[in-house]
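All values derive from a computational prediction rather than experimental measurement.
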Amino acid sequence: MLFDAGETLVHPVPSFPEVFVRIVAEAGHRCEPEAVIAASAVVLERFSEAAARDERWTTSPERSRRFWTEIYERMIVDLGLPSRDGLRDRLYRGFTDLANYGVFDDVVPALDALSTTGTTLGVVSNYEPWLEDLLASEGVADLLPVRAISGIEGIEKPDPRLFELALARAGVDASEAVYVGDNPEFDVDPPEALGMFAVLVDRRDRHPEHPGPRVSDLRDLPALLEVA
């Protein structure tokens with residue numbers, strides 16, 4: 001079983017909007033979490049744009065910084081915050097600080113339960129190389145021995161080669177594998193095209209009309225797979 005990372009296993013703590021608001025407040029400005037949520041729609045938009053243009057934004061620190069500072073700049077403008085006082089750089093530093101991240105509460109129990117069944121677990125993610133350090137700091141790296149991280153491999157989802165790399169490392173065929181992630185564009189359509197069984201994790205009920213398997217808590221995976 002392979003997992004996406006961001007918003008599937010790991011996330012800003014306590015949440016992206018709350019970390020954003022705190023960083024803005026430390027710079028002497030104010031915004032509301034609800035407004036940040038609305039402005040953050042640009043994140044998914046940029047993910048889709050990057051995939052369409054084959055930008056491979058995770059594959060170097062420079063590309064990652066340029067990608068994210070552009071997003072923060074657009075959010076800053078949308079939120080009516082000052083755009084010339086280094087705020088976007090503060091946000092970039094804050095959202096690359098491991099201290100501002102953690103795993104969801106359901107992650108360790110779910111991984112522990114799946115591990116006891118003999119299931120091989122791993123990560124396939126569009127993420128910078130520091131994801132390795134984050135997984136280790138959260139004590140879950142050993143539970144996820146198979147890893148294909150775009151910032152290390154130089155390949156980004158939805159490119160099927162990133163999934164194929166993980167499958168080869170796990171020593172299984174696509175038809176024997178399950179993939180779990182939070183974004184239908186990157187985490188459902190590509191693995192299904194390879195023949196994997198894809199499960200959408202929808203913690204915030206963003207995709208109620210999703211036609212395929214969907215969970216809101218990773219601890220529900222074993223029961224879902226028994227039925228499937």
Side-chain angles (χ1 to χ4, degrees), residues 2-13 15-16 19-20 23 39-76 88-104 107 121-138 140-141 144-170 177 179-191 193-194 196 198 200-201:
L2 303 170
F3 295 85
D4 175 44
E7 295 304 311
T8 298
L9 300 176
V10 300
H11 67 121
V13 174
S15 69
F16 177 86
V19 174
F20 192 103
I23 294 170
S40 67
V42 69
V43 177
L44 293 182
E45 292 172 8
R46 280 297 288 123
F47 284 168
S48 294
E49 289 172 7
R53 298 172 185 170
D54 194 25
E55 287 184 33
R56 291 183 288 179
W57 57 270
T58 61
T59 55
S60 76
E62 295 77 20
R63 287 187 176 197
S64 174
R65 186 182 189 96
R66 185 166 58 248
F67 180 85
W68 283 108
T69 52
E70 176 192 324
I71 286 175
Y72 300 140
E73 181 71 22
R74 288 168 66 173
M75 292 182 66
I76 287 166
R88 70 176 192 176
D89 294 320
R90 281 176 174 262
L91 288 162
Y92 180 77
R93 289 194 299 272
F95 283 109
T96 53
D97 183 348
L98 297 189
N100 287 326
Y101 287 84
V103 295
F104 288 102
V107 168
L121 304 176
V123 173
V124 179
S125 181
N126 285 359
Y127 221 104
E128 295 85 351
W130 55 267
L131 176 60
E132 293 268 19
D133 296 329
L134 177 56
L135 296 175
S137 70
E138 293 299 314
V140 297
L144 299 158
V146 176
R147 294 193 283 276
I149 299 168
S150 64
I152 297 172
E153 311 299 345
I155 310 166
E156 290 181 347
K157 296 181 298 182
D159 191 323
R161 291 178 297 167
L162 195 62
F163 297 95
E164 290 168 343
L165 186 59
L167 291 170
R169 289 174 177 170
Y179 189 75
V180 183
D182 69 299
N183 186 321
E185 181 180 0
F186 295 94
D187 302 323
V188 174
D189 296 341
L194 288 174
M196 301 172 71
L200 183 70
V201 57

How about [X] and [Y]: do any of their side-chain heavy atoms sit closer than 4.5 Å?
{"X": "Ser150", "Y": "Arg56", "value": "no"}
{"X": "Phe186", "Y": "Asp4", "value": "no"}
{"X": "Ile152", "Y": "Pro129", "value": "yes"}
{"X": "Leu9", "Y": "Val140", "value": "no"}
{"X": "Leu167", "Y": "Met196", "value": "yes"}
{"X": "Leu131", "Y": "Arg147", "value": "no"}
{"X": "Arg66", "Y": "Glu55", "value": "no"}
{"X": "Phe47", "Y": "Asn126", "value": "no"}

- Query: Parallel under 30°, tilted from 30 to 60°, perpendicular over 60°: which one fits the rings of Trp68 and Trp57?
  - Reply: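 Correct class here is perpendicular.
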
Using 30° and 60° as the class limits, which term best fits the ring planes of Phe16 and Tyr72: parallel, tilted or perpendicular?
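The rings of Phe16 and Tyr72 lie parallel, inter-plane angle below 30°.
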
Lys/Arg-Asp/Glu bridge criterion (N-O < 4.0 Å) met for Glu164, Arg161 |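 The answer is no: the pair does not qualify as a salt bridge.
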
Flag for Thr58-Glu156: side-chain donor and acceptor within less than 3.5 Å: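 Yes, because at least one side-chain N or O of Glu156 sits under 3.5 Å from a partner of the opposite role on Thr58.
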
